[in-house]
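Structure first, commentary second.
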Amino acid sequence: MPDDLNLSNLKPAQARKDRKRIGRGLGSGKGRYSGRGIKGQKSRSGSHKMRPGFEGGQNPIYMRLGKLRGGSKDALPVGPFRTTTVPVNVAILEERFDAGSEVTPESLVEKGVLKNTKIDVKILGNGDLTKKLSVTAHAVSATAREKIEAAGGSVTLLREPKERKPKRRPPKAVAAEPEPEEAQEEPQAEAEPEPEPEPEPAAEEQPEEES
């Protein structure tokens, strides 16, 4: 320890800056508002802590921007087409596995690719694959299957893919056929002859009275 080092000549490694002292009233020499501005949340006494990204109560930017599917559980669709698989690309298989090895959900956990085997595994085709691998997974994309088989490997599915039923469309209404112009005339029934009027009876002659 040097002789000239004592409590009277100690200095911090970095220059320390005094905190901003807020005045109280016009007599403080800092103006009417004492450096706090006019009204609002930051002008009140006490703590006014605000979390990072707080925009005064309006919709923040991370909620205004669009979300990518798979980024979070809230961004996934709700219903029968909700994604419930863990994606593993063939580029990871090329990096973690040796040629001729078997790829299973258990081996992926051993290699540190997956945390556990609770969720189904789907092999995707992002990247290149040059090693012969025997892949066993719950689902495999068409591109990944082509690359695995092109390298001499094989693919085994743990679960058969579900066949989607085609949507039923209502039958189209058949337009009524127009009637032919020359329609056959129905034969008219023969008119019955009108009965002849009966002759009126002749009036009886009265005898003349004798004068």
Side-chain angles (χ1 to χ4, degrees), residues 1-97 103 105-129 137-144 147 159 161-162 164-165 167 169-170:
M1 178 181 293
D3 298 336
D4 57 349
L5 184 62
N6 51 50
L7 293 176
S8 62
N9 57 18
L10 288 178
K11 294 182 180 180
Q14 297 178 353
R16 301 181 64 181
K17 183 179 179 181
D18 295 337
R19 69 176 181 85
K20 182 179 179 181
R21 299 187 64 187
I22 302 299
R24 301 291 186 275
L26 296 175
S28 63
K30 294 182 178 292
R32 178 179 178 182
Y33 301 106
S34 305
R36 289 182 180 269
I38 304 175
K39 298 184 179 180
Q41 186 177 17
K42 296 182 179 179
S43 68
R44 309 304 181 189
S45 61
S47 61
H48 53 269
K49 296 180 181 179
M50 290 178 289
R51 57 178 172 76
F54 181 70
E55 299 185 23
Q58 71 176 4
N59 197 22
I61 189 171
Y62 64 85
M63 294 182 67
R64 297 196 299 267
L65 297 177
K67 312 297 190 297
L68 292 176
R69 180 177 180 183
S72 64
K73 292 183 179 180
D74 297 334
L76 294 175
V78 178
F81 305 112
R82 186 182 179 95
T83 303
T84 55
T85 58
V86 178
V88 177
N89 288 294
V90 295
I92 298 177
L93 305 182
E94 175 76 14
E95 178 184 352
R96 300 291 182 92
F97 291 89
V103 180
E106 291 76 12
S107 63
L108 291 171
V109 174
E110 294 177 0
K111 296 290 184 179
V113 179
L114 302 179
K115 292 182 179 180
N116 51 52
T117 58
K118 294 181 180 180
I119 305 178
D120 296 351
V121 180
K122 183 173 182 179
I123 308 299
L124 302 181
N126 187 12
D128 298 329
L129 183 64
H138 298 87
V140 180
S141 67
T143 306
K147 293 183 178 181
R159 183 176 299 170
K162 296 180 180 180
R164 295 184 180 179
K165 297 180 180 180
K167 295 181 179 180
R169 295 183 179 179

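- Put simply, the side chain of Thr117 does not reach to within 4.5 Å of the side chain of Leu108, judged on heavy atoms.
- When all heavy atoms of Pro60 and Gly53 are compared, the pair lying nearest together is CB-O, 4.2 Å.
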Show every donor-acceptor pair shorter than 3.5 Å between a side-chain atom in residues 26-36 and any protein atom, with sequence neighbours excluded, or say none if there are none.
unit_1: Ser28; atom_1: OG; unit_2: Gly25; atom_2: O; d: 2.8
unit_1: Ser28; atom_1: OG; unit_2: Lys30; atom_2: N; d: 3.4
unit_1: Ser34; atom_1: OG; unit_2: Gly23; atom_2: O; d: 3.1
unit_1: Ser34; atom_1: OG; unit_2: Gly25; atom_2: N; d: 3.4

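- Applying the salt bridge (charged side-chain N to carboxylate O under 4.0 Å, His left out) test to Arg64 and every residue at least two apart in sequence or in another chain returns Glu55.
- In this structure, Val88 and Leu114 have side chains that are in contact, with non-hydrogen atoms separated by less than 4.5 Å.
- Pairs engaging residues 86-95 under the side-chain hydrogen bond (donor to acceptor under 3.5 Å, both in side chains) rule: Glu94-Thr130 [sequence neighbours left out].
- You'll find the side chain of Val113 reaches within 4.5 Å of the side chain of Arg96, heavy atoms only.
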Can you list, pair by pair, the side-chain donor-acceptor contacts under 3.5 Å of residues 119-128, counting residues two or more places apart and other chains?
unit_1: Asp120; atom_1: OD2; unit_2: Arg159; atom_2: NH1; d: 2.6

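- Taking each heavy atom of Ser43 and Gly40 in turn, the nearest pair found is OG-O, 2.8 Å.
- In terms of the side-chain hydrogen bond (donor to acceptor under 3.5 Å, both in side chains) criterion, residue partners of Ser107 (sequence neighbours excluded) are, by chain and number, Thr104.
- Within a 6.0 Å radius of CE in Met50, other residues, nucleotides and ligands contribute more than 12 heavy atoms.
- Summarising the local packing, CG of Leu65 is surrounded by more than 12 heavy atoms from other residues, nucleotides or ligands at distances under 6.0 Å.
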